[in-house]
Amino acid sequence: MRLTRYFLPVLRENPAEAQIVSHRLMLRAGMIRQQAAGIYSWLPLGFRVLRRIEAIVHDEQQRAGHIPLLMPTLQPADLWRESGRYDDYGQEMLRIKDRHGRDMLYGPTNEEMITDIFRAHVESYKSLPLTLYHIQWKFRDEVRPRFGVMRGREFLMKDGYNFDVDYDSAMHAYNRHMVSYLRTYERMGLHAIPMRADSGPIGGDDTHEFLVLADTGESEVFYDKAILDLKMGGRNVDYTDRAACAAIVHEWTTPYARTDETHDVSLYHALPQDRQATSRAIEVGQIFYFGTKYSEPMGAMVVNEHGERVPVHMGSHGIGVSRLLGAIIEASHDDKGIVWPEGVTPFPVGIVNLRQGDTATDAACDMLYAALTARGLEPLYDDRDERAGAKFASMDLIGLPWRITVGPRGLANGKVELTSRRSGESEEMSPEAAVDRVAQIYAGV
RNA sequence: CGGGGCGUAGCGCAGCCCGGUAGCGCGACGGUUUUGGGUACCGUAGGUCGUAGGUUCGAAUCCUAUCGCCCCGACCA
């Protein structure tokens, strides 16, 4: 993409309404625009990152054997009357009447609707196990939205629902979700820690939240530093192997890690002093097992292998997709701007032409642009007639992880410069070598 | 929902107390200059002063109502 052909309304100054760094940077980098309290338009750069995050979530869910579908944002109130949550949910639920006076709502979550779909079409244990998920906009009419997309009223969420014939099978689904989530966050450059959590209004027995450590987080967490050393490292998981999944879950849930809601002081103090740690953290996902909480009242039954009709065992599992942008920026930025992890960056690499209009630098940039594009690495080419400083500042602000700088000075020796946004280190090399290096970097992403 | 604050140009702000018909910086646009970290200078465009009503010869400014947004707290993914 050529910057002169793009829509990237960057701001040089900080908007007054933004308090935390991710909100400031998203506004300054032209990623979002607030349309009402807690409701945002996603401008092209932000939309690109949102789509990248979605793609990773989809990929990892399907790798785990979970099946995508799409449910609507608007739901009939009657479904929620069946589960009893229509009255329980309170003012957070946005209630709407259609032209016929029927009660509708903008879904804050989809347990009722997925249960309705399930009960209409599934009769037998032979159809199980089944996990259906979607990535859809939700609305929760928060009293006080804040922190940009981290706590908006409208938000994009992946929510998945497992249906299993018994407890053991449902726990495997739970474990599958934990493992897939760990892989998902790691691909986004995040270290998300599963922590035992409260079940809250969704209800249930077993539940873990995934938290990313950040000073601006809303939760207070206590953990054993040993958990910071754990890595999935892209290890290949056989999701049909119950023991293998359980082993990974065991590995990640053994070190102490809890939010203030479930914090156990005596367990925590039993840790060696130098491993006790406390921090603020951002919640980026949660998994629940809740058994037959919805299947019983809503009549989602299956016939088991003994010919008995039993309520199906369920769980629900969420990832805050739009919130993740904020969380990633909170975890990865410096005083100049965002530093995108390669896995989610809106563009893999930027090209900065230091002398726009110069025959040699223009030609070199065009060559780089074509070569990178041909290798599936769409660059953002700053072809504006701006000074070097302005171009560098913009690139640093929007946070592309790699930058190729093309100037007359280097080009006289046949060299361009490849710079890491994260380390700030630069290396001179031929344009061809720079393309190879960038391709090599992204080969493993 | 309790407490506090703010709505003036795309962004950041001044002007309001003490009424006289709107200004600064940045950005945008045009030009000259400059050319490896937001260059300098000249010029141009852009505002129903959130909205409605009231007081007044006259309202961004005073009064009333209303809407919106932000912050702290409680709540929450």
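Convention: sequence-line order gives letters A, B, ...; per-chain numbering from 1.
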Closest non-hydrogen contact found for A:Tyr223 with A:Ser279 is CE2-CB, 4.0 Å
Option passing ring-ring contact (aromatic ring centres under 6.0 Å, His included) with A:Tyr167 (candidates A:Tyr289, A:Tyr174, A:Phe290) | A:Tyr289
Under 3.5 Å donor-acceptor pair, A:Asn14 side-chain atoms to B:rG12 base atoms | no
5' to 3', nucleotides 38-51 of chain B under a 4.0 Å protein heavy-atom cut-off (B base, S sugar-phosphate only, - none) gives BB------------
Pairs involving residues 62-85 of chain A, ordered by first then second residue, that meet ring pair (Phe, Tyr, Trp, His ring centres under 6.0 Å) (sequence neighbours left out) | A:His66-A:His177, A:Trp80-A:Tyr89
Send over the distance from A:Ile282 CD1 to B:rC76 P, rounded to a whole Å.
-> 18 Å
Could you check which residues of residues 338-362 of chain A get a heavy atom under 4.0 Å from RNA chain B? Sort them by number, please.
-> A:Leu354, A:Arg355
Identify, with sequence neighbours excluded, every residue that meets ring-ring contact (aromatic ring centres under 6.0 Å, His included) alongside A:Tyr442.
-> none
Which part of the nucleic acid, if any, lies within contact of A:Gly410, taking any heavy atom under 4.0 Å across all strands shown: a base, the sugar-phosphate backbone alone, or nothing?
-> base
Could you check how far CG of A:Asp382 sits from C1' of B:rG37, rounded to whole Å?
-> 13 Å
Over how many whole Å does the gap from A:Ile404 atom CD1 to B:rG36 atom C1' extend?
-> 16 Å
Output side-chain donor-acceptor pairs under 3.5 Å for residues 335-350 of chain A, partner residues at least two apart or in another chain, one line each.
| from | atom 1 | to | atom 2 | distance (Å) |
| --- | --- | --- | --- | --- |
| A:Trp340 | NE1 | A:Ile398 | O | 2.9 |
| A:Glu342 | OE2 | A:Trp402 | NE1 | 2.7 |
| A:Thr345 | OG1 | A:Phe347 | O | 2.8 |

Let me know the distance between CG of A:Asp385 and P of B:rG30, rounded to the nearest Å.
-> 10 Å
Just checking A:Gly407: base, sugar-phosphate only, or nothing, at a heavy-atom cut-off of under 4.0 Å?
-> base
Any donor-acceptor pair under 3.5 Å joining the side chain of A:Glu13 to the base of B:rG25?
-> yes
Answer for the Watson-Crick or wobble partner of B:rA22, both distances under 3.5 Å, is none
In B/S/- notation, 5' to 3', how is nucleotides 67-75 of chain B contacted by protein heavy atoms closer than 4.0 Å?
-> --SSBBBBB
